[in-house]
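Data first, discussion second: the structure below is written as structure tokens.
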2 protein chains.
Amino acid sequence: MPRHTSDVAPRAPSRQRLVQAASELLRHQGLAATGVKQILTAADAPFSSLYHHFPGGKEQLAGEAVLAAGGFYQQQVEAVWDAAPDLASSIAAIFDGAADELLASDYADACPIATVALEVASTSESLRRATAQVFDAWIAAASSRLTAAGIPAGQADGLAQAIIALLEGAFILARASKSTQPMRGARDAALTLIDQRLAT
Amino acid sequence: MPRHTSDVAPRAPSRQRLVQAASELLRHQGLAATGVKQILTAADAPFSSLYHHFPGGKEQLAGEAVLAAGGFYQQQVEAVWDAAPDLASSIAAIFDGAADELLASDYADACPIATVALEVASTSESLRRATAQVFDAWIAAASSRLTAAGIPAGQADGLAQAIIALLEGAFILARASKSTQPMRGARDAALTLIDQRLAT
DNA sequence: GTCTATAGAAGGATAGAC
DNA sequence: GTCTATCCTTCTATAGAC
């Protein structure tokens, strides 16, 4: 029986590489500043593969990139959350991990969808919905974990939303100032909010 | 003595109109999606006035627009803050005012510089500095008011930063979901943080 | 599925007359 | 300071051969 024609590790298919490359570029510089040619170059994909795989063009690719990046980031955070021994440790680890990622990337790798979310909120209804869908999934995942950790069910959604707001806001301040200090402050604030809810 | 050649109320000079128009467009759709021709049209300014008043082109105009918008927004918030009878009322009024502005503008008028801040953080050092300067001014103004209201001096800066992070994060979530609910949740979280710090 | 070529519009910026 | 005209690049998207 003949083996595969090549024994080198196969690359991901070009469609997947395009989504991956688009996700990274959107995270670093947003949607409007990212050209389709730039995405194609980064993905090392043939030019016409874009409109072959994404008949909707840039908007369709961006939508899939937002959903993929949002899902991937959620998995990352959930892994950190679930690895910590208690709720406070989980929250601290998430904010500390965000600070580490900012430092390691020279403040390029922050929230993968916040920039796009602000850009498209008033200009593209389909992309706005994609960003909203990601945030909703994040809030739902955090809320269920908060409930499991003893936060009253009626307060878990609001607390999850506030913690994510703190994280997003800290990303903005940290990238603008090139400092991880806002991220540490946001961590402490999030821990305060949790303590107060658990004490009730 | 002849009067002025016209008795109609004079418009602001074109330079000022360009900064104003740029500020509004950046707030709604960000930097990369905003063209200089679009700014000129919105300002009703003659084409060549752009490079006459701003030899640095789009980047210089954007920088001035960020600083102007940041200063104007700070004045707005300070007026709301100082009009309220106590600290908790001030904080509540600021978040409620942000929610009102979102509703009134169909979720277009959020933070005037957050979108640009995320877009340029890794792509334009001069504009990144402009956004950082605005955030620093906001934090300093909030911190001094927190100190005056009884927050220990060593905690005022961090608390101010956390409150602004909550506001920024809530803007993102609110615009993405087209709901003011994240803004109300952020308000309650900010009030909790203040209570906890005052109780210490 | 991939290739080259190119359309057609919009981007930022400049020149030179007035 | 303002006017019109224009340069050159980049953008998204499509056509048609292979």
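In what follows, chains are A, B, ... by sequence order, proteins preceding strands, each numbered from 1.
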Per the under-4.0 Å heavy-atom filter, residues of residues 28-40 of chain A near DNA chain D come out as T34(A), G35(A), V36(A), K37(A)
Ordered by number, residues from residues 121-130 of chain A within less than 4.0 Å of DNA chain D (heavy atoms) are none
task: Answer with yes or no whether the side chains of Q16(A) and Q20(A) bring together a donor and an acceptor at under 3.5 Å.
output: no
Closest of dC3(D), dT2(C), dG12(C) to the S48(B) side chain is dC3(D)
All heavy atoms of L118(A) vs all of I172(B), minimum pair found to be CD2-CG1, 3.9 Å
> Does OP1 or OP2 of dA13(C) have a side-chain N or O of Y51(B) closer than 4.0 Å?
Replying inline: yes
Side-chain atoms of P46(A) come closest, of dT2(D), dT2(C), dA13(D), to dT2(C)
Closest heavy-atom pair, V120(A) versus R128(A), reported as atoms and distance to 0.1 Å, is CG2-N, 3.7 Å
Here the distance between atom C1' of dT14(C) and atom CZ of F54(B), to the nearest Å, is 18 Å
Practice prompt. Apply the test salt bridge (charged side-chain N to carboxylate O under 4.0 Å, His left out) to residues R27(A) and E101(A): give CA-CA distance (whole Å), side-chain angles for both, the deciding distance (0.1 Å), then the verdict.
Written response: CA-CA 13 Å; R27(A) 185 183 207 178; E101(A) 218 171 340; 3.4 Å; yes
In terms of heavy-atom contacts, A170(B) and A165(A) come closest through N-CB, 3.8 Å
note: D44(A), atom CG; dT2(C), atom P; distance rounded to Å ~ 11 Å
Rounded to whole Å, CG of L61(B) lies from P of dG11(C) at a distance of 15 Å
Closest heavy-atom pair, L50(A) versus L18(A), reported as atoms and distance to 0.1 Å, is CA-CD1, 4.1 Å
Report task. Inspect the contact between R187(B) and D96(B) and indicate whether a charged nitrogen and a carboxylate oxygen are less than 4.0 angstrom apart. Result -> yes
From CG of L18(A) across to P of dA13(D) the rounded distance in Å is 14 Å
In whole angstroms, the gap separating C1' of dC11(D) from CZ of F47(A) amounts to 10 Å
For this session: Take the angle between the ring planes of F135(A) and W138(A) and call it parallel below 30°, perpendicular above 60°, tilted in between.
Result: perpendicular
Shortest non-hydrogen pair, H53(A) vs Q60(A), comes out as O-NE2, 4.3 Å
When rounded to whole Å, the NE2 to C1' distance for the pair H53(B) and dA13(C) reads 17 Å
Whole-Å distance, L50(B) CG to dA13(C) C1', equals 10 Å
From NZ of K58(A) across to C1' of dC11(D) the rounded distance in Å is 8 Å
Note: for H52(B) and G57(A) on DNA chain D, the residue whose nearest nucleotide lies more 5' is H52(B)
